[in-house]
Amino acid sequence: MGTKYIFVTGGVVSGLGKGITAASLGRLLKNRGYKVVNQKFDPYINVDPGTMSPYEHGEVFVTDDGAETDLDLGHYERFTDVNLTRNCSVTSGKIYQSVLNKERKGDYLGKTVQVIPHITNEIKENIYSFENSDVDIVITELGGTIGDIEGLALVEAIRQVGLEKDPEDVVYVHVTLLPYISGSNELKSKPTQHSVKELQSFGIKPDILVCRSEIDIPDDTRRKIALFCNVRPENVIPNLTASNLYEVPLLLEERGLAKVVCKHLHLENIEPKNEHWEDMINNIKNLSGEVNIAIVGKYMQLQDSYLSVVESLRHGGFANGTNVKIGFIDSEQINSSNVENILRDYDGILVPGGFGQRGIEGMITSIKYARENKVPFLGICLGMQMSVVEYARDVLGLTDANSEEFDFNTVNQVIHIMDEQKDITKKGGTMRLGAYPCKIKKDTLAYKIYGEENIIERHRHRFEYNNSFKERLEKAGMIASGTSPDGNLVEIVEVTDHPFFIAGQFHPEFKSRPDRPAPLFKEFIKASKNK
């Protein structure tokens, strides 16, 4: 079987759940025995989201190979349990950068460089990059909404793919909105008709329509949409709001999405093996009790800034049979006089990653509260660094202790850029990005959590634990329970006289799955539940 291609586009408005649709379809096809990879094309000119504020697009998701990507790749990985790569996240900026680099090197032999064919060929190269691998099906989602001026080259490229490949190897799925007008008690199909007309004007006839709706779509409305949008009635798939995100694949299975995709692509394995996913959803529906977790962070205006953390906490709840209720606490609003009033009703406290000085004192105050009051605590990346700062200040008595990121002149830089990194940093490089190994000491909380000595976790940070303070910190009760294999980089710290106080330099949330939670989150929720 040659490689098959599925393109997922969106119309009418943004935020309809194209990413969840693409991820769900990936899971359903994987459950039929196919090797699937999801890919996202974003039309913005940034080379990647790495330099963007979280308020622009939410969190930056990091792959094993160190790519900084759109948060939809997190959905893809959580739903399909496939570790994606930098080839799975492509922006217009990345495409243009590559084309311009080739032009400067003379690769185009003096030709005039144009959107067609040079930009579109570069886009297709990324789409076709999985052809010499074991991937059966590539699901490519186009960011934005059909008609956006910045996405036109992407639309043109996927149109060309439809011509270059056999008809049974390409399917176009268009996700649209059916608004509900309560006054007349009806769903309106006109926006979907206009969106399909717009897509057809670019030369693409959608094969399947996934219609986002708040209420079920009557059969006569489906037939009307099919007639006016030139698709078969069975290819108009309702996509209603689910009670739980992870239920969407099963709802789309019930509505026949995977079946019509398989039929169009001439795939033989029609019958799915969804039992494992069904068992997981049944477990989720039968959760009992509630655990209250505070996320104390600095990007609270957009909760998607911590999307993978939130999902990982929920995964931890699934594994412990309990619902997780999350409070989003702005660290800028916390100080020593109000911290108890704000945090006393929470069963566990988590301080996530971030960049920049804003809000760090509130994080430090929250960490101190968790440590002194024996509240289960999990620190991630910046949360780990601030845990070290707090311990150095309040236990070692180094009142000026800080990170070099926030106070370049302090004597006690317990977090710093290591000497071998400094020259590179001046040139603008140096984040530790992607998967790195960690060796865990036996007879520690970290070892109890992971149950093994060697792990691999994903990173996204520039500053490191300062080993000059390691001996003093460990003697005072904050031990380095996880390090790089050579012992040079501290990856995990924990406090010995505390029921559950642990922090990692890495981002465990990027590897958490709903049916296989990241160990740190699973045990954090367990400790919070038993508090």
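No donor-acceptor pair closer than 3.5 Å links the side chain of His118 to the backbone N or O of Leu100. Ser213 places no side-chain N or O within 3.5 Å of a backbone atom of Asp216 that could act as its donor or acceptor partner. With hydrogens and angles ignored, the 3.5 Å screen pairs a side-chain donor or acceptor of Thr69 with a backbone N or O of Phe61. Not one N or O on the side chain of Asn235 forms a donor-acceptor pair closer than 3.5 Å with the backbone of Val231. Put simply, the side chain of Thr21 gets close to the backbone of Gly17: a donor and an acceptor are under 3.5 Å apart. Judged purely by atom type and a 3.5 angstrom limit, Ser89 has no side-chain atom pairing as donor or acceptor with the backbone of Arg86. In this structure, the side chain of Tyr5 does not engage the main chain of Ile158 through any donor-acceptor pair within 3.5 Å.
For the residue pair Glu125/Ser129, the side-chain donor-acceptor check at 3.5 Å is not satisfied. In summary, the side chains of Thr120 and Glu156 do not present any donor paired with an acceptor at a separation below 3.5 Å, with no hydrogens or angles considered. Using modelled atom types, one finds a donor on one side chain and an acceptor on the other under 3.5 Å when comparing Ser98 with Glu122. For the residue pair Gln39 / Thr140, a side-chain donor-acceptor distance below 3.5 Å is found, with atom types taken as modelled. At a cut-off of 3.5 Å, with distance as the only test, no side-chain donor of Tyr465 or Gln385 sits close to an acceptor on the other residue. Under 3.5 Å, the side chains of Thr241 and Arg212 contain a donor-acceptor pair of N or O atoms. Inspection of the Glu311 and Tyr246 side chains reveals an N or O donor paired with an N or O acceptor under 3.5 Å.
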- [ ] Could you go through the side-chain hydrogen bond (donor to acceptor under 3.5 Å, both in side chains) check for Glu59 and Ser308 one step at a time?
- [x] CA-CA 8 Å; Glu59 73 172 8; Ser308 290; 2.6 Å; yes

- [ ] Please test Arg458 against Asp64 for salt bridge (charged side-chain N to carboxylate O under 4.0 Å, His left out), starting from the C-alpha separation and ending with a verdict.
- [x] CA-CA 6 Å; Arg458 299 180 192 176; Asp64 276 345; 2.7 Å; yes

Identify every side-chain donor-acceptor pair in residues 513-522 under 3.5 Å, counting partners at least two apart or on other chains, and give the distances.
unit_1: Arg513; atom_1: NE; unit_2: Glu77; atom_2: O; d: 3.2
unit_1: Arg513; atom_1: NE; unit_2: Asp81; atom_2: OD1; d: 2.9
unit_1: Arg513; atom_1: NH2; unit_2: Glu77; atom_2: OE1; d: 3.0
unit_1: Arg513; atom_1: NH2; unit_2: Asn83; atom_2: OD1; d: 2.9
unit_1: Asp515; atom_1: OD2; unit_2: His276; atom_2: NE2; d: 2.8
unit_1: Arg516; atom_1: NH1; unit_2: Asp81; atom_2: OD2; d: 2.9
unit_1: Arg516; atom_1: NH2; unit_2: Asp81; atom_2: OD1; d: 3.3

Donor-acceptor contacts under 3.5 Å from residues 26-33 side chains, at least two apart:
unit_1: Arg27; atom_1: NE; unit_2: Phe79; atom_2: O; d: 2.7
unit_1: Arg27; atom_1: NH1; unit_2: Asn31; atom_2: OD1; d: 2.9
unit_1: Arg27; atom_1: NH2; unit_2: Phe79; atom_2: O; d: 3.1
unit_1: Lys30; atom_1: NZ; unit_2: Thr80; atom_2: O; d: 2.6
unit_1: Asn31; atom_1: ND2; unit_2: Asn274; atom_2: OD1; d: 2.7
unit_1: Arg32; atom_1: NE; unit_2: Ile270; atom_2: O; d: 2.8
unit_1: Arg32; atom_1: NH1; unit_2: Leu28; atom_2: O; d: 3.1
unit_1: Arg32; atom_1: NH1; unit_2: Glu253; atom_2: OE1; d: 3.0
unit_1: Arg32; atom_1: NH2; unit_2: Glu253; atom_2: OE1; d: 3.4
unit_1: Arg32; atom_1: NH2; unit_2: Glu253; atom_2: OE2; d: 2.9
unit_1: Arg32; atom_1: NH2; unit_2: Ile270; atom_2: O; d: 3.1

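Arg358 meets the side chain to side chain donor-acceptor pair (under 3.5 Å) test with Glu332; sequence neighbours excluded.
More than 12 heavy atoms of other residues, nucleotides or ligands lie within 6.0 Å of NZ in Lys205, so this atom counts as buried by the packing criterion. No more than 12 heavy atoms of other residues, nucleotides or ligands shown are found within 6.0 angstrom of NZ on Lys259. Around the NZ atom of Lys325, the shell of radius 6.0 Å holds no more than 12 heavy atoms that belong to other residues, nucleotides or ligands. More than 12 non-hydrogen atoms from other residues, nucleotides or ligands lie less than 6.0 angstrom from CD1 of Ile181. The environment of CG in Asp166 is crowded: more than 12 heavy-atom neighbours from other residues, nucleotides or ligands sit within 6.0 Å.
Aromatic rings from Phe510 and His459 are positioned such that their centres are separated by 6.0 Å or more. A centroid separation of 6.0 Å or more is found between the aromatic rings of Phe506 and His461. Outside the 6.0 Å centre-distance limit, the rings of His416 and Phe463 are not counted as a close aromatic pair.
In terms of heavy atoms, Val161 sits closest to Lys124 at CG2-CG, 4.0 Å. Of all non-hydrogen atoms in His264 and Asp207, the two that sit nearest each other are CE1-OD1, 3.3 Å.
Tested against Asp72 for a salt bridge (charged side-chain N to carboxylate O under 4.0 Å, His left out), the candidates Lys40, Lys18, Arg78 yield a single pass: Lys40.
Between Glu103 atom CD and Tyr108 atom OH the span is 8.5 Å, to the nearest 0.5 Å.
The pair Glu509-Arg460 does not meet the salt-bridge criterion, since no charged nitrogen lies less than 4.0 angstrom from a carboxylate oxygen.
A cation-pi arrangement is present between Arg432 and Tyr436, with the terminal nitrogen or guanidinium carbon under 6.0 Å from the aromatic centre and inside a 45° cone about the axis.
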